[in-house]
Protein chains: 2
Amino acid sequence: MSTSTREKIIQLGDDLLRKQGFNAFSYADISKPLQIKNAAVHYYFPSKQDLAVAIALWHKDIFDRFSQKMANKEPKDKLKTFLNFYHSIHLSEKVDIIGAFATDWHSLEPKVQTEVQEFTELVINWLSELIQEGLDLGQFRTTQNARTTALRILSSIFASTQLVRITGDHDFTRVKNSILEEFIN
Amino acid sequence: MSTSTREKIIQLGDDLLRKQGFNAFSYADISKPLQIKNAAVHYYFPSKQDLAVAIALWHKDIFDRFSQKMANKEPKDKLKTFLNFYHSIHLSEKVDIIGAFATDWHSLEPKVQTEVQEFTELVINWLSELIQEGLDLGQFRTTQNARTTALRILSSIFASTQLVRITGDHDFTRVKNSILEEFIN
DNA sequence: TAAAATACTTATTTACTAATAAGTTTGCAA
DNA sequence: TTGCAAACTTATTAGTAAATAAGTATTTTA
């Protein structure tokens, strides 16, 4: 099963968005490596904002499949897998998609913002639910409610993908382990 | 004491950097509101990277004065004031300077990166010291070492300035209070 | 097999961007 | 009062950006 041009554009766009930032890459950065013309990118995504929408939808799709795959796992394992996923983001020199969109927020059109908001709520709700589940099972400990804890975990881990660009690798593992130690009994 | 043109450029540049992102604003966005020509901006800062260096240095300067002013305060109050400072960032619709630079990291020249690194270490060290101090005084609790705790607090709070652009205001206060509750006895 | 949709390319436009060279004005110092 | 430096403006350039119109080849469908 070969990847379609459309799919390749989305994946490369996502890569550039998270490595360089939304306003730091151009259609030429996408068309050159794919050996197509910039007009071909416009054929699939008439405007850059359309591409941003597609990237956000792609992430929703990936996350849906991820959460389905994890549905039967223990809360503890869900959290660990989630944090490991961020570790792989860090290793590939990207930042998290939520942070990437957030810093460029004011250059995004409403249609993009809406998709990003929906994706983010998807993640926060998934985290909130696993935390509540973990609390009920006595696997987790926290004095805060589930959503607040979810926000704390999400913000800590996605900020780390950004912060370690500045401070260096070793700090990522520190933060990741610290989160696990803090919440898991 | 009136603000010099140079100072005005730095302040407006900082504002734009943190509201829109480094690659989302131009010299025209600076010169127009100040009612000068774009060449006047280049007179003070020949390249955009030079402006970025000046913005980073400005933040180091502000932080130095802040930490001097707080030197005699209790660790608990230092932390509270620090978090309140981020609250004001949030209210002015900006993101934290560390996160703003981090997402645009790969479009920054080494001279900018170095200044940002030094500023970030300044903040982390200040936080680490106040945490150690608080632990010694029995005002704080944490199972982690001081630097790790500092990283957790810093990443949580600066990510929140980004995250709440997406999820909405109320989540900022949640996270801020949650940090205080977690560490302060 | 004709036509219509798909997946592009060629070619161009409009707009903006950072950057610079060459003036001009103003104030101060010798 | 001359001269020189600081703080600009005027004017321009070279490059890049997103976007679009119009054409072409290939595949699909009726």
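The sequence lines fix the lettering, A, B, ..., with proteins before strands; numbering per chain opens at 1.
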Expressed as a whole number of angstroms, how long is the span from [X]:[atom1] to [N]:[atom2]?
X: B:I36; N: C:dT25; atom1: CD1; atom2: P; value: 19 Å
X: B:N38; N: C:dA15; atom1: CG; atom2: C1'; value: 15 Å
X: A:F45; N: C:dA7; atom1: CZ; atom2: P; value: 12 Å
X: B:L34; N: D:dC8; atom1: CG; atom2: P; value: 10 Å
X: A:N23; N: C:dC16; atom1: CG; atom2: C1'; value: 13 Å
X: B:H42; N: D:dT12; atom1: NE2; atom2: C1'; value: 13 Å
X: B:I30; N: C:dA18; atom1: CD1; atom2: P; value: 9 Å
X: A:K8; N: C:dA7; atom1: NZ; atom2: P; value: 13 Å

message: Would you say the ring centers of A:F82 and A:F85 fall short of 6.0 Å from each other?
response: no
Side-chain N or O of [X] versus OP1/OP2 of [N]: is the shortest distance under 4.0 Å?
X: A:T5; N: C:dA7; answer: no
X: A:Y43; N: C:dC8; answer: no
X: B:S47; N: C:dA18; answer: no
X: A:Y44; N: C:dC8; answer: yes

- prompt: Measuring from A:I89:CD1 to A:T161:OG1, what's the distance to the nearest 0.5 Å?
  reply: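 So the gap between those two atoms works out to 6.5 Å.
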- line: Heavy-atom nearest pair, A:I184 first then A:R141, reads O-NH2, 2.8 Å
- prompt: If you take all heavy atoms of B:V95 and A:T103, which pair is closest and at what distance?
  reply: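 Shortest heavy-atom separation between B:V95 and A:T103 comes out as CG2-CG2, 4.4 Å.
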Using the side-chain heavy atoms of [X], tell me which of these nucleotides is nearest: [options].
X: A:A40; options: D:dT9, C:dC8, C:dA18; result: C:dC8
X: B:A28; options: C:dT10, C:dA18, C:dT17; result: C:dT17
X: B:S26; options: C:dT20, C:dT17, D:dA21; result: C:dT17

message: Can you confirm if the NZ or CZ of B:K176 lies within 45° of the ring axis of B:Y86 and under 6.0 Å from the centre of its six-membered ring?
response: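 Because its charged atom misses either the 6.0 Å distance or the 45° angle limit, B:K176 does not stack over B:Y86.
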Heavy atoms under 4.0 Å, any strand shown: does [X] hit a base, just sugar-phosphate, or nothing?
X: A:F25; value: sugar-phosphate
X: B:K48; value: sugar-phosphate
X: A:Y27; value: sugar-phosphate

